[in-house]
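Written below as C-alpha coordinates is the structure these notes are about.
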Amino acid sequence: MSVRFLTWRAPVIGVFTAFMIVPVAATALFSVATRWDRSLWPEGLTLAWWLKVTSRSAFADTLLNSFWVAAVSMLVSLIAVVPAAYLAHTRLPQAKPWLELLSIVPFSLPGVVLALGLIRLYSKLPLPLVNTPNILVAAYVIVTLPFMYRAVMNTLESVDTRSLIEAAQSLGANPLQVLGWVVVPNIAAGIVNGSLLVLSAVFSEFVLANLLIGTRLKTFPIYLVEFTRSDARQASALALMSFVIAWIISLAILWTAARPGRRRQAESPPRSR
Amino acid sequence: MVSGVKRLRFAWIGLAPFLILVLAFEILPILALLVSSLSAKDGPTLSNFGRALTPTTLAAFGNSLQLAIATAFGGTLFGTVVAYAIATSRNSAMRHVMTALANVAANFGGAPLAFAFVITLGSTGFVTILLGCLGIQLYPDFRIYSITGLGIAYLYFQTPLAILLVMPAVAGLRPEWREAAEILGATASQYWRRIALPILAPAISASFFLLFANAFGAYATAWTLTGSDVNLIPVQIAALVRGEVVLDPALADALAILSLLVMALCLIAYQYFARRMRRTA
(Lines give C-alpha, C1' and ligand atoms only; values in the text may rest on other atoms or scores of the structure.)
Protein backbone atom coordinates (compact mmCIF):
# COMPACT_ATOMS: atom_id res chain seq x y z
CA MET A 1 0.00 0.00 0.00
CA SER A 2 2.57 2.57 1.05
CA VAL A 3 4.83 1.60 -1.85
CA ARG A 4 2.01 2.30 -4.28
CA PHE A 5 1.44 5.68 -2.65
CA LEU A 6 5.10 6.59 -2.92
CA THR A 7 5.30 5.78 -6.59
CA TRP A 8 2.57 8.20 -7.65
CA ARG A 9 3.13 10.87 -5.05
CA ALA A 10 6.78 11.57 -5.76
CA PRO A 11 6.35 12.43 -9.48
CA VAL A 12 3.30 14.62 -8.83
CA ILE A 13 5.06 16.67 -6.16
CA GLY A 14 8.24 16.64 -8.24
CA VAL A 15 6.52 18.05 -11.34
CA PHE A 16 4.74 20.71 -9.29
CA THR A 17 7.93 21.74 -7.48
CA ALA A 18 9.86 21.92 -10.75
CA PHE A 19 7.10 24.04 -12.29
CA MET A 20 7.30 26.43 -9.36
CA ILE A 21 11.10 26.55 -9.07
CA VAL A 22 12.45 26.41 -12.64
CA PRO A 23 11.18 29.82 -13.88
CA VAL A 24 12.53 31.57 -10.78
CA ALA A 25 15.84 29.69 -10.87
CA ALA A 26 16.22 30.40 -14.59
CA THR A 27 15.62 34.11 -13.94
CA ALA A 28 18.25 34.08 -11.20
CA LEU A 29 20.80 32.35 -13.41
CA PHE A 30 19.99 34.56 -16.39
CA SER A 31 20.70 37.67 -14.32
CA VAL A 32 24.28 36.54 -13.65
CA ALA A 33 24.98 34.98 -17.07
CA THR A 34 27.25 36.62 -19.64
CA ARG A 35 25.39 34.91 -22.42
CA TRP A 36 22.72 32.21 -22.19
CA ASP A 37 20.71 31.78 -25.34
CA ARG A 38 22.33 28.96 -27.29
CA SER A 39 23.73 26.57 -24.70
CA LEU A 40 22.18 24.51 -21.93
CA TRP A 41 24.30 26.27 -19.30
CA PRO A 42 25.35 29.95 -19.24
CA GLU A 43 28.57 30.57 -21.13
CA GLY A 44 29.99 32.61 -18.28
CA LEU A 45 29.00 34.22 -15.01
CA THR A 46 29.08 37.92 -14.21
CA LEU A 47 27.67 40.44 -11.76
CA ALA A 48 27.78 43.21 -14.37
CA TRP A 49 23.99 43.40 -14.90
CA TRP A 50 23.30 43.64 -11.21
CA LEU A 51 25.87 46.40 -10.76
CA LYS A 52 24.59 48.25 -13.79
CA VAL A 53 20.91 48.14 -12.85
CA THR A 54 21.37 48.95 -9.17
CA SER A 55 23.69 51.88 -9.84
CA ARG A 56 21.05 53.86 -11.71
CA SER A 57 19.39 56.58 -9.69
CA ALA A 58 16.01 55.53 -11.11
CA PHE A 59 16.43 52.14 -9.43
CA ALA A 60 16.58 53.57 -5.91
CA ASP A 61 13.90 56.12 -6.78
CA THR A 62 11.35 53.60 -8.03
CA LEU A 63 12.07 51.22 -5.17
CA LEU A 64 11.56 54.05 -2.71
CA ASN A 65 8.39 55.20 -4.51
CA SER A 66 6.95 51.70 -4.23
CA PHE A 67 7.77 51.38 -0.54
CA TRP A 68 6.38 54.86 0.10
CA VAL A 69 3.08 54.22 -1.71
CA ALA A 70 2.77 50.83 0.00
CA ALA A 71 3.39 52.32 3.44
CA VAL A 72 0.91 55.19 2.96
CA SER A 73 -1.75 52.81 1.59
CA MET A 74 -1.22 50.54 4.57
CA LEU A 75 -1.63 53.44 7.02
CA VAL A 76 -4.79 54.77 5.35
CA SER A 77 -6.19 51.25 5.25
CA LEU A 78 -5.47 50.77 8.96
CA ILE A 79 -7.10 54.08 9.87
CA ALA A 80 -10.20 53.30 7.82
CA VAL A 81 -10.63 49.58 8.48
CA VAL A 82 -9.53 48.85 12.06
CA PRO A 83 -11.92 51.25 13.87
CA ALA A 84 -14.76 50.38 11.49
CA ALA A 85 -14.32 46.64 11.97
CA TYR A 86 -13.98 47.05 15.72
CA LEU A 87 -17.09 49.21 16.06
CA ALA A 88 -19.15 47.02 13.75
CA HIS A 89 -18.16 43.95 15.74
CA THR A 90 -18.74 45.40 19.21
CA ARG A 91 -21.33 48.18 18.93
CA LEU A 92 -23.06 48.17 15.58
CA PRO A 93 -23.92 44.60 14.63
CA GLN A 94 -26.53 45.97 12.21
CA ALA A 95 -23.73 47.56 10.16
CA LYS A 96 -21.65 44.39 9.96
CA PRO A 97 -23.33 42.68 6.97
CA TRP A 98 -22.94 45.91 4.99
CA LEU A 99 -19.26 46.27 5.83
CA GLU A 100 -18.84 42.62 4.93
CA LEU A 101 -20.45 43.18 1.53
CA LEU A 102 -18.56 46.41 0.82
CA SER A 103 -15.27 44.75 1.62
CA ILE A 104 -15.95 41.80 -0.72
CA VAL A 105 -16.98 43.86 -3.76
CA PRO A 106 -13.35 44.80 -4.66
CA PHE A 107 -12.68 41.12 -5.42
CA SER A 108 -14.99 41.40 -8.41
CA LEU A 109 -13.39 44.64 -9.54
CA PRO A 110 -10.60 44.07 -12.08
CA GLY A 111 -7.87 46.70 -11.90
CA VAL A 112 -8.64 47.96 -15.40
CA VAL A 113 -12.32 48.47 -14.53
CA LEU A 114 -11.56 50.32 -11.30
CA ALA A 115 -9.10 52.55 -13.14
CA LEU A 116 -11.68 53.32 -15.82
CA GLY A 117 -14.33 54.14 -13.21
CA LEU A 118 -12.03 56.40 -11.20
CA ILE A 119 -10.90 58.30 -14.28
CA ARG A 120 -14.50 58.70 -15.50
CA LEU A 121 -15.62 59.99 -12.13
CA TYR A 122 -12.78 62.28 -11.13
CA SER A 123 -11.32 63.62 -14.36
CA LYS A 124 -14.14 66.13 -14.64
CA LEU A 125 -14.02 67.30 -11.02
CA PRO A 126 -11.61 70.05 -9.99
CA LEU A 127 -10.08 67.87 -7.29
CA PRO A 128 -6.36 67.22 -6.95
CA LEU A 129 -6.88 63.52 -7.57
CA VAL A 130 -6.39 62.26 -11.10
CA ASN A 131 -2.74 61.90 -12.08
CA THR A 132 -1.59 62.23 -8.47
CA PRO A 133 -0.38 59.61 -6.00
CA ASN A 134 -3.51 60.35 -3.92
CA ILE A 135 -5.80 58.50 -6.28
CA LEU A 136 -3.36 55.61 -6.46
CA VAL A 137 -3.34 55.28 -2.68
CA ALA A 138 -7.14 55.47 -2.61
CA ALA A 139 -7.40 52.76 -5.26
CA TYR A 140 -4.94 50.57 -3.35
CA VAL A 141 -6.91 50.92 -0.14
CA ILE A 142 -9.99 49.72 -2.03
CA VAL A 143 -8.37 46.75 -3.79
CA THR A 144 -6.72 45.59 -0.56
CA LEU A 145 -9.86 46.13 1.52
CA PRO A 146 -10.83 42.43 1.47
CA PHE A 147 -7.47 41.40 2.96
CA MET A 148 -7.34 44.02 5.68
CA TYR A 149 -10.99 43.65 6.65
CA ARG A 150 -10.90 39.83 6.75
CA ALA A 151 -7.63 39.72 8.69
CA VAL A 152 -8.84 42.18 11.32
CA MET A 153 -12.38 40.76 11.56
CA ASN A 154 -11.11 37.19 11.88
CA THR A 155 -9.06 38.06 14.94
CA LEU A 156 -11.88 40.17 16.39
CA GLU A 157 -14.20 37.19 16.06
CA SER A 158 -11.68 34.71 17.42
CA VAL A 159 -10.82 36.50 20.71
CA ASP A 160 -14.27 37.12 22.25
CA THR A 161 -13.77 40.87 22.23
CA ARG A 162 -17.02 41.60 24.03
CA SER A 163 -16.14 39.76 27.26
CA LEU A 164 -12.68 41.34 27.24
CA ILE A 165 -14.20 44.81 26.98
CA GLU A 166 -16.73 44.08 29.72
CA ALA A 167 -14.01 42.75 31.99
CA ALA A 168 -11.85 45.82 31.39
CA GLN A 169 -14.80 48.17 31.96
CA SER A 170 -15.82 46.45 35.19
CA LEU A 171 -12.26 46.97 36.38
CA GLY A 172 -12.68 50.70 35.77
CA ALA A 173 -10.90 51.21 32.45
CA ASN A 174 -12.05 54.13 30.32
CA PRO A 175 -12.83 53.57 26.61
CA LEU A 176 -9.39 54.69 25.44
CA GLN A 177 -7.68 52.39 27.94
CA VAL A 178 -9.92 49.55 26.78
CA LEU A 179 -8.92 50.17 23.20
CA GLY A 180 -5.20 50.73 23.74
CA TRP A 181 -4.47 48.20 26.45
CA VAL A 182 -7.01 45.46 25.84
CA VAL A 183 -8.42 45.39 22.31
CA VAL A 184 -5.46 46.36 20.13
CA PRO A 185 -2.95 43.98 21.79
CA ASN A 186 -5.46 41.16 21.39
CA ILE A 187 -6.05 41.75 17.70
CA ALA A 188 -2.45 42.77 16.94
CA ALA A 189 -1.82 39.56 15.01
CA GLY A 190 -4.67 40.34 12.63
CA ILE A 191 -3.55 43.93 12.21
CA VAL A 192 0.01 42.88 11.39
CA ASN A 193 -1.23 40.15 9.05
CA GLY A 194 -3.57 42.54 7.22
CA SER A 195 -0.87 45.19 6.95
CA LEU A 196 1.58 42.74 5.42
CA LEU A 197 -1.05 41.59 2.92
CA VAL A 198 -1.59 45.22 1.91
CA LEU A 199 2.16 45.82 1.63
CA SER A 200 2.76 42.80 -0.58
CA ALA A 201 -0.23 43.55 -2.82
CA VAL A 202 0.69 47.20 -3.30
CA PHE A 203 4.37 46.61 -3.76
CA SER A 204 3.87 44.36 -6.77
CA GLU A 205 0.89 46.20 -8.27
CA PHE A 206 1.26 47.25 -11.89
CA VAL A 207 -2.15 47.81 -13.50
CA LEU A 208 -3.48 50.70 -11.40
CA ALA A 209 -0.09 52.38 -11.18
CA ASN A 210 0.25 52.18 -14.94
CA LEU A 211 -3.26 53.39 -15.81
CA LEU A 212 -3.86 55.93 -13.05
CA ILE A 213 -0.62 57.89 -12.94
CA GLY A 214 1.61 56.40 -15.60
CA THR A 215 4.97 58.11 -15.65
CA ARG A 216 4.25 60.76 -13.01
CA LEU A 217 5.29 58.50 -10.18
CA LYS A 218 7.26 55.53 -11.38
CA THR A 219 6.87 52.49 -9.16
CA PHE A 220 9.14 49.47 -9.15
CA PRO A 221 6.87 47.20 -11.24
CA ILE A 222 6.56 49.92 -13.90
CA TYR A 223 10.34 50.30 -13.97
CA LEU A 224 10.65 46.54 -14.38
CA VAL A 225 8.20 46.40 -17.30
CA GLU A 226 10.16 49.16 -19.07
CA PHE A 227 13.31 47.06 -18.76
CA THR A 228 11.66 43.89 -20.08
CA ARG A 229 11.28 45.79 -23.37
CA SER A 230 14.77 47.30 -23.47
CA ASP A 231 17.32 45.20 -21.58
CA ALA A 232 16.44 41.61 -20.70
CA ARG A 233 19.48 41.00 -18.48
CA GLN A 234 18.90 43.96 -16.24
CA ALA A 235 15.19 43.15 -16.23
CA SER A 236 15.98 39.67 -14.96
CA ALA A 237 17.87 41.15 -12.00
CA LEU A 238 14.88 43.38 -11.22
CA ALA A 239 12.45 40.45 -11.62
CA LEU A 240 14.49 38.36 -9.19
CA MET A 241 14.46 41.23 -6.71
CA SER A 242 10.68 41.45 -6.84
CA PHE A 243 10.45 37.66 -6.38
CA VAL A 244 12.64 37.86 -3.31
CA ILE A 245 10.68 40.78 -1.86
CA ALA A 246 7.43 38.87 -2.49
CA TRP A 247 8.91 35.79 -0.79
CA ILE A 248 9.98 37.71 2.25
CA ILE A 249 6.59 39.34 2.70
CA SER A 250 4.70 36.07 2.02
CA LEU A 251 6.78 34.17 4.54
CA ALA A 252 6.24 36.96 7.07
CA ILE A 253 2.49 36.67 6.40
CA LEU A 254 2.59 32.90 6.95
CA TRP A 255 4.60 33.47 10.10
CA THR A 256 2.20 36.04 11.57
CA ALA A 257 -1.07 34.51 10.37
CA ALA A 258 -3.17 33.85 13.46
CA ARG A 259 -4.26 30.23 13.56
CA PRO A 260 -8.00 30.85 13.26
CA GLY A 261 -7.36 33.36 10.53
CA ARG A 262 -5.11 31.14 8.52
CA ARG A 263 -7.72 29.05 6.81
CA ARG A 264 -9.79 31.98 5.67
CA GLN A 265 -6.72 33.88 4.62
CA ALA A 266 -5.80 31.02 2.35
CA GLU A 267 -9.21 31.41 0.76
CA SER A 268 -8.58 35.03 -0.08
CA PRO A 269 -7.80 35.43 -3.74
CA PRO A 270 -4.56 37.20 -4.50
CA ARG A 271 -4.31 40.18 -6.75
CA SER A 272 -2.23 42.38 -8.99
CA ARG A 273 -2.10 40.12 -11.98
CA MET B 1 -30.20 55.91 27.95
CA VAL B 2 -29.25 59.33 26.62
CA SER B 3 -25.57 58.48 26.94
CA GLY B 4 -26.28 55.21 25.17
CA VAL B 5 -27.71 57.04 22.17
CA LYS B 6 -24.78 59.43 22.19
CA ARG B 7 -22.38 56.53 22.27
CA LEU B 8 -24.10 54.89 19.36
CA ARG B 9 -23.83 58.09 17.40
CA PHE B 10 -20.15 58.27 18.26
CA ALA B 11 -19.81 54.73 16.99
CA TRP B 12 -21.26 55.69 13.62
CA ILE B 13 -18.73 58.52 13.39
CA GLY B 14 -15.99 55.93 13.81
CA LEU B 15 -17.27 54.20 10.69
CA ALA B 16 -17.07 57.42 8.69
CA PRO B 17 -13.52 57.13 7.27
CA PHE B 18 -14.31 53.62 6.03
CA LEU B 19 -17.67 54.57 4.54
CA ILE B 20 -16.38 57.75 2.88
CA LEU B 21 -13.44 55.93 1.27
CA VAL B 22 -15.63 53.09 0.06
CA LEU B 23 -18.29 55.42 -1.25
CA ALA B 24 -15.86 57.70 -3.07
CA PHE B 25 -13.52 55.12 -4.55
CA GLU B 26 -15.54 51.92 -4.82
CA ILE B 27 -19.28 52.58 -5.07
CA LEU B 28 -19.34 55.86 -6.99
CA PRO B 29 -16.87 54.75 -9.69
CA ILE B 30 -18.93 51.62 -10.30
CA LEU B 31 -22.14 53.67 -10.38
CA ALA B 32 -20.53 56.19 -12.74
CA LEU B 33 -19.68 53.36 -15.15
CA LEU B 34 -23.14 51.84 -14.78
CA VAL B 35 -24.98 55.12 -15.39
CA SER B 36 -22.80 56.05 -18.32
CA SER B 37 -23.16 52.61 -19.90
CA LEU B 38 -26.94 52.81 -19.58
CA SER B 39 -27.43 56.29 -20.96
CA ALA B 40 -27.49 57.90 -24.38
CA LYS B 41 -28.03 61.51 -25.39
CA ASP B 42 -31.79 61.13 -25.30
CA GLY B 43 -32.23 59.10 -22.11
CA PRO B 44 -31.71 55.64 -20.67
CA THR B 45 -30.88 52.89 -23.13
CA LEU B 46 -29.47 49.40 -23.43
CA SER B 47 -28.12 50.03 -26.91
CA ASN B 48 -24.57 50.76 -25.68
CA PHE B 49 -24.21 47.10 -24.79
CA GLY B 50 -25.31 46.00 -28.22
CA ARG B 51 -22.94 48.46 -29.88
CA ALA B 52 -20.06 47.54 -27.57
CA LEU B 53 -20.14 43.98 -28.87
CA THR B 54 -18.12 44.57 -32.02
CA PRO B 55 -16.33 41.63 -33.65
CA THR B 56 -13.11 42.69 -31.83
CA THR B 57 -14.67 42.78 -28.39
CA LEU B 58 -16.61 39.58 -29.02
CA ALA B 59 -13.34 37.91 -29.95
CA ALA B 60 -11.82 39.39 -26.77
CA PHE B 61 -14.64 37.91 -24.70
CA GLY B 62 -14.11 34.58 -26.43
CA ASN B 63 -10.37 34.61 -25.71
CA SER B 64 -10.82 35.76 -22.12
CA LEU B 65 -13.42 33.09 -21.41
CA GLN B 66 -11.30 30.42 -23.05
CA LEU B 67 -8.21 31.43 -21.08
CA ALA B 68 -10.13 31.69 -17.81
CA ILE B 69 -11.91 28.34 -18.24
CA ALA B 70 -8.79 26.49 -19.38
CA THR B 71 -6.55 27.77 -16.57
CA ALA B 72 -9.28 27.44 -13.93
CA PHE B 73 -9.93 23.87 -14.99
CA GLY B 74 -6.28 22.92 -15.42
CA GLY B 75 -5.21 24.69 -12.24
CA THR B 76 -7.96 23.11 -10.14
CA LEU B 77 -7.32 19.63 -11.55
CA PHE B 78 -3.55 19.74 -11.09
CA GLY B 79 -3.89 21.57 -7.77
CA THR B 80 -6.30 18.98 -6.37
CA VAL B 81 -3.99 16.09 -7.29
CA VAL B 82 -0.99 17.88 -5.75
CA ALA B 83 -3.01 18.83 -2.66
CA TYR B 84 -4.01 15.18 -2.22
CA ALA B 85 -0.40 14.10 -2.62
CA ILE B 86 0.73 16.64 -0.03
CA ALA B 87 -2.10 15.96 2.43
CA THR B 88 -1.64 12.20 2.41
CA SER B 89 2.13 12.39 2.74
CA ARG B 90 3.47 11.12 6.03
CA ASN B 91 6.46 13.43 5.90
CA SER B 92 5.33 16.46 7.91
CA ALA B 93 8.39 18.59 7.05
CA MET B 94 7.63 18.10 3.35
CA ARG B 95 3.99 19.01 3.98
CA HIS B 96 4.98 22.29 5.60
CA VAL B 97 7.50 23.18 2.90
CA MET B 98 5.00 22.47 0.11
CA THR B 99 2.26 24.51 1.78
CA ALA B 100 4.66 27.42 2.20
CA LEU B 101 5.71 27.07 -1.44
CA ALA B 102 2.06 27.17 -2.56
CA ASN B 103 1.41 30.20 -0.36
CA VAL B 104 4.35 32.10 -1.78
CA ALA B 105 3.80 31.13 -5.42
CA ALA B 106 0.05 31.94 -5.35
CA ASN B 107 1.11 35.55 -4.76
CA PHE B 108 3.42 35.73 -7.76
CA GLY B 109 2.18 37.28 -10.90
CA GLY B 110 2.41 40.26 -13.13
CA ALA B 111 5.53 41.50 -14.80
CA PRO B 112 8.22 39.46 -12.98
CA LEU B 113 6.35 36.23 -13.65
CA ALA B 114 5.79 37.02 -17.31
CA PHE B 115 9.45 37.80 -17.68
CA ALA B 116 10.52 34.60 -15.88
CA PHE B 117 8.48 32.65 -18.43
CA VAL B 118 10.17 34.41 -21.34
CA ILE B 119 13.52 33.30 -19.90
CA THR B 120 12.22 29.77 -19.35
CA LEU B 121 10.06 29.10 -22.40
CA GLY B 122 10.97 31.88 -24.84
CA SER B 123 12.53 31.01 -28.19
CA THR B 124 16.00 30.85 -26.56
CA GLY B 125 14.68 29.95 -23.12
CA PHE B 126 16.21 27.38 -20.83
CA VAL B 127 13.48 24.75 -21.14
CA THR B 128 13.22 25.38 -24.90
CA ILE B 129 16.93 24.62 -25.29
CA LEU B 130 16.72 21.67 -22.90
CA LEU B 131 13.86 20.13 -24.88
CA GLY B 132 15.78 20.89 -28.10
CA CYS B 133 18.69 18.82 -26.77
CA LEU B 134 16.22 16.00 -26.16
CA GLY B 135 15.03 16.29 -29.74
CA ILE B 136 11.77 18.16 -29.09
CA GLN B 137 11.52 21.40 -31.07
CA LEU B 138 8.99 23.71 -29.37
CA TYR B 139 9.34 26.60 -31.79
CA PRO B 140 7.85 27.72 -34.12
CA ASP B 141 4.67 25.73 -33.33
CA PHE B 142 4.56 27.03 -29.77
CA ARG B 143 5.14 30.61 -28.72
CA ILE B 144 5.24 31.88 -25.14
CA TYR B 145 3.83 35.18 -26.45
CA SER B 146 0.61 33.45 -27.54
CA ILE B 147 -2.59 32.64 -25.67
CA THR B 148 -1.27 29.12 -24.98
CA GLY B 149 1.93 30.57 -23.52
CA LEU B 150 -0.14 32.95 -21.44
CA GLY B 151 -2.16 29.99 -20.17
CA ILE B 152 1.02 28.26 -18.98
CA ALA B 153 2.14 31.43 -17.19
CA TYR B 154 -1.30 31.76 -15.54
CA LEU B 155 -1.12 28.16 -14.34
CA TYR B 156 1.92 29.20 -12.34
CA PHE B 157 -0.26 31.16 -9.92
CA GLN B 158 -3.53 29.29 -10.52
CA THR B 159 -2.22 25.88 -9.41
CA PRO B 160 -0.88 26.96 -5.99
CA LEU B 161 -4.05 28.96 -5.36
CA ALA B 162 -6.12 25.84 -6.07
CA ILE B 163 -3.91 23.86 -3.69
CA LEU B 164 -4.56 26.35 -0.89
CA LEU B 165 -8.31 26.29 -1.58
CA VAL B 166 -8.72 22.52 -1.85
CA MET B 167 -6.22 21.55 0.85
CA PRO B 168 -8.55 21.89 3.88
CA ALA B 169 -11.15 19.64 2.22
CA VAL B 170 -8.57 17.07 1.08
CA ALA B 171 -7.00 17.02 4.54
CA GLY B 172 -10.48 16.32 5.93
CA LEU B 173 -10.81 13.03 4.00
CA ARG B 174 -10.43 10.45 6.74
CA PRO B 175 -8.45 7.28 6.01
CA GLU B 176 -11.13 5.31 7.88
CA TRP B 177 -13.68 6.16 5.20
CA ARG B 178 -11.51 4.58 2.57
CA GLU B 179 -10.86 1.56 4.77
CA ALA B 180 -14.58 1.20 5.47
CA ALA B 181 -15.33 1.39 1.76
CA GLU B 182 -12.69 -1.23 1.01
CA ILE B 183 -13.99 -3.56 3.72
CA LEU B 184 -17.46 -3.26 2.19
CA GLY B 185 -15.96 -4.29 -1.14
CA ALA B 186 -15.72 -0.96 -2.95
CA THR B 187 -13.14 -0.61 -5.67
CA ALA B 188 -10.81 2.40 -5.74
CA SER B 189 -12.88 4.03 -8.49
CA GLN B 190 -16.10 3.44 -6.56
CA TYR B 191 -14.52 5.03 -3.48
CA TRP B 192 -13.55 8.11 -5.48
CA ARG B 193 -16.82 8.44 -7.39
CA ARG B 194 -19.19 7.73 -4.52
CA ILE B 195 -17.36 9.04 -1.45
CA ALA B 196 -14.30 11.21 -1.94
CA LEU B 197 -15.34 13.34 -4.90
CA PRO B 198 -18.78 14.24 -3.52
CA ILE B 199 -17.07 15.39 -0.32
CA LEU B 200 -14.51 17.39 -2.27
CA ALA B 201 -17.04 18.78 -4.77
CA PRO B 202 -17.81 22.09 -3.00
CA ALA B 203 -14.11 22.87 -2.52
CA ILE B 204 -13.30 21.96 -6.12
CA SER B 205 -16.18 24.09 -7.45
CA ALA B 206 -15.21 27.02 -5.22
CA SER B 207 -11.66 26.76 -6.49
CA PHE B 208 -12.81 26.66 -10.11
CA PHE B 209 -14.88 29.83 -9.83
CA LEU B 210 -12.27 31.77 -7.90
CA LEU B 211 -9.56 30.78 -10.37
CA PHE B 212 -11.85 31.74 -13.22
CA ALA B 213 -12.37 35.23 -11.82
CA ASN B 214 -8.66 35.46 -11.05
CA ALA B 215 -7.74 34.79 -14.67
CA PHE B 216 -10.59 36.74 -16.25
CA GLY B 217 -9.58 40.03 -14.62
CA ALA B 218 -5.82 39.53 -14.95
CA TYR B 219 -3.99 42.14 -16.97
CA ALA B 220 -0.40 42.74 -15.84
CA THR B 221 0.90 39.30 -16.84
CA ALA B 222 -0.82 39.45 -20.23
CA TRP B 223 0.40 42.96 -20.90
CA THR B 224 4.03 42.20 -20.03
CA LEU B 225 4.09 38.94 -21.93
CA THR B 226 2.14 39.76 -25.06
CA GLY B 227 1.54 43.52 -25.15
CA SER B 228 -1.73 43.84 -27.02
CA ASP B 229 -1.07 40.81 -29.27
CA VAL B 230 -3.50 38.55 -27.48
CA ASN B 231 -6.92 40.14 -27.61
CA LEU B 232 -8.38 39.92 -24.10
CA ILE B 233 -11.10 41.93 -22.35
CA PRO B 234 -8.76 43.59 -19.80
CA VAL B 235 -6.37 44.45 -22.64
CA GLN B 236 -9.24 46.06 -24.56
CA ILE B 237 -10.39 48.07 -21.54
CA ALA B 238 -6.84 49.20 -20.75
CA ALA B 239 -6.39 50.35 -24.35
CA LEU B 240 -9.55 52.41 -23.98
CA VAL B 241 -8.32 53.90 -20.70
CA ARG B 242 -5.03 54.87 -22.30
CA GLY B 243 -6.84 56.40 -25.24
CA GLU B 244 -5.11 54.11 -27.71
CA VAL B 245 -8.42 53.26 -29.28
CA VAL B 246 -10.88 56.02 -29.99
CA LEU B 247 -14.34 54.91 -29.10
CA ASP B 248 -17.15 56.73 -27.43
CA PRO B 249 -16.92 56.48 -23.63
CA ALA B 250 -20.30 54.82 -23.21
CA LEU B 251 -19.07 51.78 -25.15
CA ALA B 252 -15.96 51.43 -22.98
CA ASP B 253 -18.13 51.65 -19.91
CA ALA B 254 -20.54 49.05 -21.27
CA LEU B 255 -17.59 46.71 -21.80
CA ALA B 256 -16.37 47.35 -18.23
CA ILE B 257 -19.84 46.68 -16.83
CA LEU B 258 -20.09 43.42 -18.78
CA SER B 259 -16.78 42.17 -17.38
CA LEU B 260 -17.82 43.31 -13.91
CA LEU B 261 -20.95 41.20 -14.31
CA VAL B 262 -18.94 38.11 -15.25
CA MET B 263 -16.64 38.63 -12.27
CA ALA B 264 -19.53 39.21 -9.87
CA LEU B 265 -21.31 36.01 -10.98
CA CYS B 266 -18.10 34.01 -10.48
CA LEU B 267 -17.53 35.40 -7.03
CA ILE B 268 -21.14 34.77 -6.00
CA ALA B 269 -20.70 31.16 -7.15
CA TYR B 270 -17.41 31.01 -5.24
CA GLN B 271 -19.03 32.34 -2.06
CA TYR B 272 -21.86 29.83 -2.38
CA PHE B 273 -19.53 26.85 -2.70
CA ALA B 274 -17.08 28.16 -0.10
CA ARG B 275 -19.93 28.38 2.39
CA ARG B 276 -21.03 24.81 1.61
CA MET B 277 -17.42 23.73 1.94
CA ARG B 278 -17.22 25.23 5.45
CA ARG B 279 -20.42 23.45 6.40
CA THR B 280 -19.18 20.04 5.29
CA ALA B 281 -15.66 20.59 6.64
Side-chain angles (χ1 to χ4, degrees), chain A residues 9 12-13 16 20 22-24 26-27 30 37-38 40 79-81 83-84 87 91-92 95 102 105-108 110-121 138-139 141-142 200 204 206-207 211 221 224-225 228 235-236 239 242-243 246-247 250-251 254 263 266-267 269-270 272-273, chain B residues 8 11 14-15 17-18 21-22 25-26 28-30 32-33 36 81-82 85-86 89 98 100-101 103-112 115-117 119-120 124 126-127 129-130 133 156 161 164-165 168 210 214 217-221 224 234 237-238 241 252 256 259-260 263-264 267 274:
Chain A
R9 198 181 289 117
V12 164
I13 290 178
F16 171 70
M20 294 294 109
V22 166
V24 180
T27 308
F30 193 80
D37 57 3
R38 41 183 191 184
L40 204 50
I79 292 168
V81 176
L87 290 170
R91 302 267 188 82
L92 299 163
L102 290 172
V105 169
F107 273 159
S108 64
V112 286
V113 173
L114 181 61
L116 185 67
L118 287 171
I119 290 170
R120 272 285 178 277
L121 187 62
V141 172
I142 295 301
S200 93
S204 58
F206 169 76
V207 182
L211 296 178
L224 165 61
V225 171
T228 61
S236 62
S242 34
F243 280 139
W247 274 340
S250 303
L251 291 177
L254 266 185
R263 207 189 73 181
E267 283 164 22
S272 79
R273 303 270 125 84
Chain B
L8 216 59
L15 289 187
F18 179 92
L21 263 172
V22 166
F25 301 106
E26 179 184 317
L28 287 179
I30 297 176
L33 290 177
S36 153
V81 175
V82 177
I86 295 171
S89 157
M98 294 309 288
L101 179 66
N103 254 299
V104 170
N107 287 329
F108 279 175
F115 191 69
F117 270 92
I119 293 174
T120 310
T124 58
F126 166 64
V127 171
I129 297 176
L130 181 70
C133 292
Y156 187 92
L161 183 58
L164 296 180
L165 289 161
L210 191 64
N214 201 26
Y219 171 66
T221 314
T224 316
I237 297 175
V241 174
S259 68
L260 207 56
M263 295 285 285
L267 286 157

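In what follows, chains carry the letters A, B, and so on, assigned in the order in which the sequence lines appear, proteins first and then strands, with residues in each chain numbered from 1.
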Heavy-atom pair with the smallest gap, counting every atom of [X] and [Y]:
X      : Y      : value
B/A116 : A/P23  : CB-O, 3.7 Å
B/L15  : A/L92  : CD1-CD1, 3.8 Å
B/A220 : B/G110 : CB-CA, 3.8 Å

Please look at [X] and chain B and tell me whether the side chain, the backbone, both or neither of the residue comes under 4.5 angstrom of a heavy atom of that chain.
X      : value
A/I119 : side chain
A/F30  : side chain
A/L102 : both

I need the residue from [options] with the largest number of non-hydrogen atom pairs under 4.5 Å to chain B.
options                        : result
A/L118, A/V24, A/V141, A/V112  : A/V112
A/A80, A/S242, A/P110          : A/A80
A/A139, A/A235, A/G111, A/P221 : A/A235
A/A138, A/A115, A/P83          : A/A138

Rounded to the nearest 0.5 Å, how far apart are [atom1] of [X] and [atom2] of [Y]?
X      : Y      : atom1 : atom2 : result
B/L210 : B/N214 : CG    : CG    : 6.0 Å
A/F16  : B/I86  : CZ    : CD1   : 6.0 Å
B/N103 : A/L254 : CG    : CG    : 4.0 Å
B/F126 : B/I119 : CZ    : CD1   : 12.0 Å
A/W247 : A/S200 : CH2   : OG    : 15.0 Å
B/I237 : A/L114 : CD1   : CG    : 11.5 Å

Per-residue contact mode, [X] against chain A (heavy atom under 4.5 angstrom):
X      : answer
B/I129 : both
B/T224 : both
B/F115 : side chain
B/L21  : both
B/L33  : side chain
B/A85  : both

Top of B/S89, B/A32, B/C133, B/S36 for chain A proximity - count of heavy-atom pairs under 4.5 angstrom: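 Result: the option with the highest number of such pairs is B/S89.
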
Which of B/V127, B/L101, B/I30 touches chain A most, by non-hydrogen pairs under 4.5 Å: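 Highest number of heavy-atom pairs under 4.5 Å: B/L101.
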
Is there side-chain contact between A/V225 and A/F206, with at least one heavy-atom pair below 4.5 Å?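 Yes. Closest side-chain heavy atoms under 4.5 Å.
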
